[in-house]
Q: 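Next up is a structure, given as structure tokens.
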Amino acid sequence: MTSERVDPDGELLWEEFHRVVNMTSEELRVWLLTDASDEEAFRPGPSLGAAELGRKVLHVLGKRKADLTDDDLATMRTTIEFVEDHTEGPAEDDRRRHALMSVGHDPLRP
């Protein structure tokens, strides 16, 4: 996506991503440095673990919308799918909560 081009789908994706990622970049950065974030019980794909996806989310959070690449857009889509796939169940489930927090979503936040 470039600043000269307005992409309505990209706009919706940006909004949904920032709705789903409810932790700040600093909160996510600190979380990824904790031992608890290393639990990669849930994987959105065959090789992309939650902590790896979290690093990509952190990268996207540091960007302006106009500077997003196709890889960033893919990260945003994967993050949204990951969170949607793992929001069922009790928010207090530590394993699930840790996996979600590793991509920037704290299920205990309103």
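Computed from a predicted structure; not experimentally measured.
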Q: Quick check for you: to the nearest 0.5 Å, what is the distance between T78 atom OG1 and E81 atom CD?
A: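 Interatomic distance, T78 OG1 to E81 CD, rounded to 0.5 Å: 6.0 Å.
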Q: Check whether any side-chain heavy atom of L13 lies under 4.5 Å from a side-chain heavy atom of I80, and answer yes or no.
A: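 Side-chain contact under 4.5 Å: yes.
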Q: Tell me, do V103 and V21 make a side-chain contact under 4.5 Å, heavy atoms counted?
A: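 No, every pair of side-chain atoms sits at 4.5 Å or beyond.
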Q: Just how far is it from atom CG of L61 to atom NZ of K56, taken to the nearest 0.5 Å?
A: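 One gets 14.5 Å once the value is rounded to the nearest 0.5 Å.
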Q: Is the closest side-chain donor-acceptor distance between D72 and T75 under 3.5 Å?
A: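 The answer is no; no qualifying pair exists.
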Q: Could I get the full list of ring pair (Phe, Tyr, Trp, His ring centres under 6.0 Å) partners for H18, not counting sequence neighbours?
A: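 H18: ring pair (Phe, Tyr, Trp, His ring centres under 6.0 Å) contacts with W14.
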Q: Can you sort out the partners of R19 under side-chain hydrogen bond (donor to acceptor under 3.5 Å, both in side chains), two or more places apart, ordered by chain and number?
A: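 side-chain hydrogen bond (donor to acceptor under 3.5 Å, both in side chains) check on R19 returns E16.
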Q: Decide, yes or no, whether a salt bridge links K65 with E11 under the criterion of side-chain N to carboxylate O below 4.0 Å.
A: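 Here K65 pairs with E11 in a salt bridge, since their nearest N and O are under 4.0 Å apart.
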Q: Would you please name every residue forming a side-chain hydrogen bond (donor to acceptor under 3.5 Å, both in side chains) with T87, sequence neighbours left out?
A: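 If we apply the side-chain hydrogen bond (donor to acceptor under 3.5 Å, both in side chains) test to T87, skipping adjacent residues, there are no hits.
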Q: So, using side-chain hydrogen bond (donor to acceptor under 3.5 Å, both in side chains) as the criterion, who are the partners of E26 when residues are at least two apart?
A: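 Partners of E26 under the side-chain hydrogen bond (donor to acceptor under 3.5 Å, both in side chains) test: R29.
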Q: Roughly how far apart are L53 CG and L58 CG, rounded to 0.5 Å?
A: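 These two atoms lie 11.0 Å from each other.
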Q: Please give me the minimum heavy-atom distance between W31 and S102, naming the atom from each residue.
A: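 For W31 versus S102, the nearest heavy atoms are NE1-OG, 3.2 Å.
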Q: Would V20 and F82 satisfy side chain to side chain contact (heavy atoms under 4.5 Å, CB included), going step by step from the backbone distance to the final call?
A: CA-CA 10 Å; V20 167; F82 183 90; over 6 Å; no
Q: Could you give the distance from CE (M76) to NZ (K63), rounded to the nearest 0.5 Å?
A: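 The NZ atom of K63 is 10.5 Å from CE of M76, to the nearest 0.5 Å.
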Q: Under a 3.5 Å distance rule, please check whether H105 uses its side chain to pair with a backbone N or O of L100 as donor and acceptor.
A: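 No; zero donor-acceptor contacts below 3.5 Å.
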Q: Under the rule for side-chain contact (heavy atoms from CB on, under 4.5 Å), what residues qualify as partners of D106, not counting sequence neighbours?
A: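 side-chain contact (heavy atoms from CB on, under 4.5 Å) check on D106 returns N22, M23, R97, M101, L108, R109.
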Q: Answer yes or no: is there a side-chain heavy-atom contact under 4.5 Å between L32 and L28?
A: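 Side-chain contact under 4.5 Å: yes.
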